[in-house]
Amino acid sequence: MAKDVIVACDFPSKERVFEFLDLFGSSGYKPYVKIGMELFYSEGPQIVRALKRRGHQVFLDLKLHDIPNTVERTMRVLSDLNVDMCNVHAMGSGPMMRAALEGCSSTNDSRPVLIAITQLTSTDQETMERDLLIKEPLANVVSSYAKNAQNAGLDGVVCSPLEAREVHKSCGAEFLTVTPGIRLAHGEAGDQRRVMTPRAACEAGSDYIVVGRPITAASDPVAAYEYCIEEFLGND
Ligand code: C5P
């Protein structure tokens, strides 16, 4: 099964993202990249096309959450960009996730991997209870949302690495766990609440780790990426 480090390119402009990716030029690495709302909303679809032309795999992280019809139509547009992975919020529920899959499948023979956000890794038990009025233990919420995503036909979920093992237990080894909330040993957690190191995420069964600031804000981003690859993939 594919296992990889995805670099979250949370930059405000294409110039900044290319400047960042150019650092990898002579390293032999061509990182799998994640484009989020900031870059996509500022640069539009051409940023995805440009990254694909440069040979990167692209996870387009727009976290759709709307009525099923809108999500299906939007997903059709996004899969036309030939992204490798895209996502919706599991909180949009089963009909919305099924519509998303329908939208992904309707244009391309090879559709993007479609995953669902369970609970954001910046959300902890206290926030979930206070603001979302969800009183269940967070791990149960994540597993239950993962099961809903699987029943809707999705390929996996975004969750904290702390929940990856539990998700695999309830949804099987083939169901993907894509895990942000990665911090290098001794690094700052920042706004993330549920965090793990790349090695611990690997041991917990994460299939893909998503790493942003620990790489993008490092004094040597290529070395930080290499460190993540070595910790996460080991001798794979
Ligand atoms: O900088 P950092 O490593 O915290 O970046 C994590 C990335 O993963 C960000 O782009 C964030 O939007 C994304 N993400 C997340 N938690 C989720 C889903 C996506 O942190 N549940």
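Both counts, for ligands and for their atoms, begin at 1 and track the order of listing.
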| query | Short list, please: which atoms of ligand 1 are under 4.0 Å from a heavy atom of Arg213? | reply | 1 (O), 2 (P), 3 (O), 4 (O)
| field | ligand 1-proximal atoms of Ser122, by part, heavy-atom distance under 4.0 Å | value | neither
| task | Would you please classify the geometry between the Tyr225 ring and the Phe24 ring as parallel, tilted or perpendicular, with 30° and 60° separating the classes? | result | perpendicular
| request: Could you see which bit of Leu120 sits under 4.0 Å from ligand 1, with heavy atoms only: side chain, backbone, both or neither? | output: both
| request: Could you tell me whether Arg213 and Asp10 have a side-chain N and a carboxylate O separated by less than 4.0 Å? | output: no
| Donor-acceptor pair, side chain of Thr197 and main chain of Ala200, under 3.5 angstrom | yes
| Which ligand 1 atoms, with their elements, are less than 4.0 angstrom from a heavy-atom of Asp10? | 9 (C), 10 (O)
| request: Quick one: sort the Tyr208 and Tyr32 rings into parallel, tilted or perpendicular, breaks at 30° and 60°. | output: perpendicular
| query | Can you tell me if Asn87 uses its side chain to pair, donor with acceptor, with the backbone of Leu62 under 3.5 Å? | reply | yes
| said: Would Lys34 count as a contact residue for ligand 1, given that I'm defining contact as a non-hydrogen atom of the residue lying under 4.0 Å from a ligand atom? | reply: yes
| query | Could you give the distance from OG (Ser170) to NZ (Lys147), rounded to the nearest 0.5 Å? | reply | 6.0 Å
| Given that the side chain starts at C-beta and the backbone is N, CA, C, O, which of these parts of Thr121 lies under 4.0 Å from ligand 1, counting heavy atoms, or is it both or neither? | both
| For ligand 1, is there an N or O atom under 3.5 Å from any N or O atom of Ile117? | no
| query | Got a donor-acceptor contact below 3.5 angstrom from the Thr123 side chain to the Met128 backbone? | reply | no
| remark: Near Pro214 (heavy-atom distance under 4.0 Å), the atoms of ligand 1 are 3 (O)
| Least distance between heavy atoms, Gln125 atom then Leu138 atom | OE1-N, 2.7 Å
| said: Could you tell me, atom by atom, which parts of ligand 1 come under 4.0 Å of a heavy atom of Val158? | reply: 17 (C), 18 (C), 21 (N)
| Numbering the atoms of ligand 1 from 1, which are under 4.0 Å from a heavy atom of Pro180? | 8 (O), 14 (N), 15 (C), 16 (N), 17 (C), 18 (C), 19 (C), 20 (O)
| field | Ala8: numbered ligand 1 atoms lying under 4.0 Å from its heavy atoms | value | 7 (C), 10 (O)
